[in-house]
Number of protein chains: 2
Amino acid sequence: MSPRRQDPSNRVTLLNAAARLIAMGGPQSLSARRLAAATGMSTMAVYTNFGSMNGIVREIARDGFKRLERLLMLAEQTDDPVADMAVLGRIYRYNAMTNGHAFEVMFGSSNLAGFALTEEDRQHGRYTLSMVVECAQRCVAASRFTPDDPVLIAHHMWIGVHGTTMLELGRYLVPPYDGNGFLEQQLTSLMVGAGDERARAQESVAASLSRFVSNFGPAM
Amino acid sequence: MSPRRQDPSNRVTLLNAAARLIAMGGPQSLSARRLAAATGMSTMAVYTNFGSMNGIVREIARDGFKRLERLLMLAEQTDDPVADMAVLGRIYRYNAMTNGHAFEVMFGSSNLAGFALTEEDRQHGRYTLSMVVECAQRCVAASRFTPDDPVLIAHHMWIGVHGTTMLELGRYLVPPYDGNGFLEQQLTSLMVGAGDERARAQESVAASLSRFVSNFGPAM
DNA sequence: AGGATGGCATAACACCGTTACCCCACGGAA
DNA sequence: TTCCGTGGGGTAACGGTGTTATGCCATCCT
């Protein structure tokens, strides 16, 4: 069944096809012509719906941020804010692993070749961080973290977890190191670096693992 | 003066032109034809000298790693290994800022569009980390860091500094946050996260700043 | 029922990386 | 000194890319 002309669902069809192409062969394999071939439309459909190839890529990135936000919102707020923070970190990695194609577009592309994010996209990325900021605030309020700008703390948390994730995705972690074990160490280091006592940090990180597993299933 | 045929310096000429192109308009603007136009040669020169466009890009990445290694080796080993570690972090960022084009090629491209690093290149990146591993070892030996696998500690350090640098390079740090201030906080957090006492960490990080400035001039 | 709108197909343009082919500037042999 | 073989690099083409001017026609409104 060939797509009908002037069908508003063409937009969704293109987006799905783009996601599938990226998932199959990496961002490299996303092209206007392949998109056209996969959907039975012409390359023009991309331009009327998204303005440019960059446009459809940015749309995928936006969807990726939305999905991440939705997942982060599933984290409950308990009376152990440090464990809450650790859960946020685990969700971040979970999203990257199960949504790899969007993740590559969101962060693999910022500077380089072809796809460029606008300042607005970057703002959106920062906005997603607000949940982490709020959690950092609670960690400080509970006297677990050293009093400091919550935004700054959130950035440190994000860098640590994002870096770990990118290292794993980029296959820089070779045996005997693996993403799972590395994340545990990283989370503890981050909490201690932010001011938590090491023993309590380890306890909270461990608690966050069982909380995460019960909500998202066993780790990857 | 047009380049002579069969001149071994053509290789260097191409490398320089490539670096200039990337520095001017980003990795995006590096193309075989522009390279040919800039050097007065034809696109074939790229293929006889480097095999492919990927080849010349990997050469630039290799040079980048070499340069980083050379800079890291300038860091002295004192009886304050934590300060030594902080100096390594500062040098890492210094290299990224003053050698941006190579840095983008080294890390901005791993997954995406066009330029791909081989497993060998990644190994080279890991090798560069050996200096950090050695320093981590000394930090543990001096009882400043919690006893742990030095390679693991080094990865944590690298992630923290690299993440900070990428955040800055990607213009994710908007006022009132800036790369300079952020790095100070990050370095302290990293040392504390690795096991150092906060007061001593702050002292060492502060000491590392003056050491760095006296060797590399005032910060950027 | 007829006219205006605008989404999409067609086909072209300029660019990209890559390669088959060929020339000819060079180094070594006679 | 002359000749030859080698191979680096120029020419031009191939198949790909993003993008766009043009025009058709399905849809919606009057």
Side-chain angles (χ1 to χ4, degrees), chain A residues 1-18 21-22 24-61 104-105 108-109 111-118, chain B residues 1-18 20-22 24-61 105 108-109 111-118:
Chain A
M1 51 152 199
S2 182
R4 278 169 302 163
R5 295 165 71 100
Q6 286 180 254
D7 189 332
S9 77
N10 283 353
R11 190 183 166 85
V12 180
T13 304
L14 284 168
L15 234 34
N16 287 342
L21 280 175
I22 295 177
M24 293 291 177
Q28 191 63 249
S29 64
L30 177 65
S31 84
R33 281 168 177 79
R34 260 200 276 262
L35 223 39
T39 58
M41 308 185 219
S42 84
T43 59
M44 267 307 294
V46 173
Y47 291 88
T48 54
N49 281 292
F50 301 97
S52 68
M53 282 301 292
N54 243 315
I56 195 171
V57 167
R58 280 193 283 116
E59 193 67 32
I60 290 175
E104 282 185 40
V105 170
S109 64
N111 288 324
L112 208 63
F115 315 135
L117 271 61
T118 66
Chain B
M1 47 151 199
S2 181
R4 278 169 302 162
R5 294 167 68 99
Q6 287 179 247
D7 190 333
S9 78
N10 284 350
R11 190 184 166 85
V12 181
T13 305
L14 284 168
L15 235 32
N16 287 341
R20 194 149 13 101
L21 279 175
I22 295 178
M24 293 291 178
Q28 191 60 252
S29 64
L30 177 65
S31 83
R33 281 171 177 77
R34 261 198 276 262
L35 223 40
T39 58
M41 309 186 218
S42 82
T43 59
M44 267 308 294
V46 174
Y47 291 88
T48 55
N49 281 291
F50 301 98
S52 67
M53 282 303 290
N54 242 318
I56 195 171
V57 167
R58 281 193 282 117
E59 194 66 32
I60 291 175
V105 169
S109 64
N111 289 322
L112 206 62
F115 314 135
L117 271 60
T118 66

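Chain A is the first sequence line, chain B the second, and so forth, proteins listed ahead of strands; every chain is numbered from 1. All values below come from the heavy atoms of this structure, side chains included, with hydrogens, waters and symmetry mates left out.
When the C1' atom of dG7(C) is taken as reference, atom CE of M41(A) falls 11 Å away, rounded to whole Å. Here the C1' atom of nucleotide dG16(D) and the CG atom of L30(A) are 14 Å apart, to the nearest Å. Between L35(A) atom CG and dC8(C) atom C1' the separation is 14 Å, expressed in whole Å. In this entry the distance linking CD1 of I56(A) with P of dG18(D) reads 11 Å, nearest Å. Taking atom OH of Y47(B) as the reference point, atom P of dC16(C) lies 11 Å away to the nearest angstrom. Note: CZ (R34(A)) to P (dG15(D)) measures 16 Å, nearest angstrom. One can place CG of N49(B) at 5 Å from P of dG9(D), the figure rounded to the nearest angstrom. Rounded to an integer number of Å, the gap from CZ of F50(A) to C1' of dT19(D) is 16 Å.
Under the side chain to side chain contact (heavy atoms under 4.5 Å, CB included) criterion, A32(A) pairs with T43(A), M53(A), sequence neighbours left out. With sequence neighbours excluded, the residues that form a side chain to side chain contact (heavy atoms under 4.5 Å, CB included) with M24(B) are R20(B). For L21(A), the side chain to side chain contact (heavy atoms under 4.5 Å, CB included) criterion is met by L30(A), R34(A), L35(A), not counting sequence neighbours.
Summarising the geometry of A61(B) relative to V105(B), their closest heavy-atom pair is CB-CG1, 4.1 Å, with the distance given to 0.1 Å.
You'll find the side chain of M41(B) stays beyond 4.5 Å of the side chain of V46(B), heavy atoms only. Side-chain contact between F50(A) and L15(A): present, with at least one pair of heavy atoms (C-beta onward) separated by less than 4.5 Å.
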Might you list the N or O atoms of the protein lying below 3.5 Å from N or O atoms in nucleotides 11-14 of chain D, with each pair's distance?
unit_1: dA13(D); atom_1: N6; unit_2: R33(B); atom_2: NH2; d: 3.3

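Between dT19(D) and N54(A), no contact under 4.0 Å exists linking OP1 or OP2 to a side-chain N or O. Contact between the side-chain N/O atoms of N10(A) and the OP1/OP2 oxygens of dC8(C) is found at a separation under 4.0 Å.
The side chain of S31(A) sits closest to dG18(D) out of dG18(D), dA9(C), dG17(C).
A donor-acceptor pair under 3.5 Å is formed between the side chain of S52(A) and the backbone N or O of G55(A).
Nucleic acid contact for T48(A): base, since at least one base atom lies under 4.0 Å from a heavy atom of the residue.
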